[in-house]
Amino acid sequence: MRKLIKGLLVVGGFIALSLQANATGLKASNSDKVMTSSEFYNTVAHTKTQEIAANFGFPDKMFTIKNPSGVTEGVIWVYSSTVKSTDGFKDARIVLINGEMKYVAITDAV
């Protein structure tokens, strides 16, 4: 229960930060900024978990990650059509588990 509350507080903080970032014009989503895969991975390498919203803005989609008993353990933030590749645009996905950035991926735009 304590982990769930901590996770919810962290996610709430990310949302508040991203709203502030959007209000100050720092949003970097598909309509404002497109990156190459190397630019994306370089930005992620220099981004702390609490800086995700400031560096990337509010995600276009959010999915929750639940354990087998149904308890939310994390979220996936999806930035649609943010990464330009040789065969079009890709989505950038950032996986947060227990309030920490654990994994990033570039996937086909859906």
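Just so you know, these numbers use all the heavy atoms, side chains as well, and skip hydrogens, waters and symmetry mates.
Put simply, Ile52 and Val95 are part of two different groups of oily side chains (I, L, V, M, F, W, Y) that touch within less than 4.5 Å, one to the next. Tracing side-chain contacts under 4.5 Å through hydrophobic residues (I, L, V, M, F, W, Y), one reaches Met101 starting from Val83; they form part of the same cluster. Placement of Val104 and Met35 within a single hydrophobic cluster is found when ILVMFWY residues are connected by side-chain heavy-atom separations under 4.5 Å, directly or transitively.
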Next on the checklist: Show, in sequence, the C-alpha distance, side-chain angles and deciding distance for Thr82 and Phe40, and conclude whether the side chain to side chain contact (heavy atoms under 4.5 Å, CB included) test is met.
Outcome noted: CA-CA 9 Å; Thr82 299; Phe40 171 73; 5.7 Å; no
Next on the checklist: Working note: Asn55 + Thr47, criterion side-chain hydrogen bond (donor to acceptor under 3.5 Å, both in side chains); need CA distance, chi angles, decisive distance, verdict.
Outcome noted: CA-CA 7 Å; Asn55 288 347; Thr47 299; 2.7 Å; yes
Item to check | Residues Ile97, Ile65; criterion side chain to side chain contact (heavy atoms under 4.5 Å, CB included); working and verdict | outcome: CA-CA 8 Å; Ile97 305 289; Ile65 300 170; 3.7 Å; yes
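Atom CH2 of Trp77 and atom CZ of Phe63 lie 14.0 Å apart (nearest 0.5 Å). For the atom pair Lys102 NZ and Thr49 OG1, the distance stands at 8.0 Å (nearest 0.5 Å). Atom NZ in Lys90 sits 11.5 Å away from atom NZ in Lys84 (nearest 0.5 Å). To the nearest 0.5 Å, atom CD of residue Gln50 and atom CD of residue Glu100 are 8.0 Å apart. In this structure, NZ in Lys61 is found 6.5 Å from CZ in Arg93, a value given to the nearest 0.5 Å. Considering CG of Leu96 and CE of Met62, their distance stands at 8.0 Å, rounded to 0.5 Å.
A donor-acceptor pair under 3.5 Å is absent between the side-chain atoms of Ser80 and the main chain of Asp60, judged by distance alone. At least one donor-acceptor pair closer than 3.5 Å links the side chain of Asp91 to the backbone N or O of Ser81. Here the side chain of Tyr79 pairs a donor or acceptor atom with the backbone of Gly57 at under 3.5 angstrom. For Glu39 (side chain) and Thr36 (main-chain N/O), a donor-acceptor pair under 3.5 Å exists by modelled atom type.
Of all heavy-atom pairs spanning His46 and Glu51, the tightest one is O-OE1, 3.8 Å.
Summarising the local packing, OH of Tyr41 is surrounded by more than 12 heavy atoms from other residues, nucleotides or ligands at distances under 6.0 Å.
With contacts defined as side-chain heavy-atom distances shorter than 4.5 Å, the pair Val44/Phe56 qualifies.
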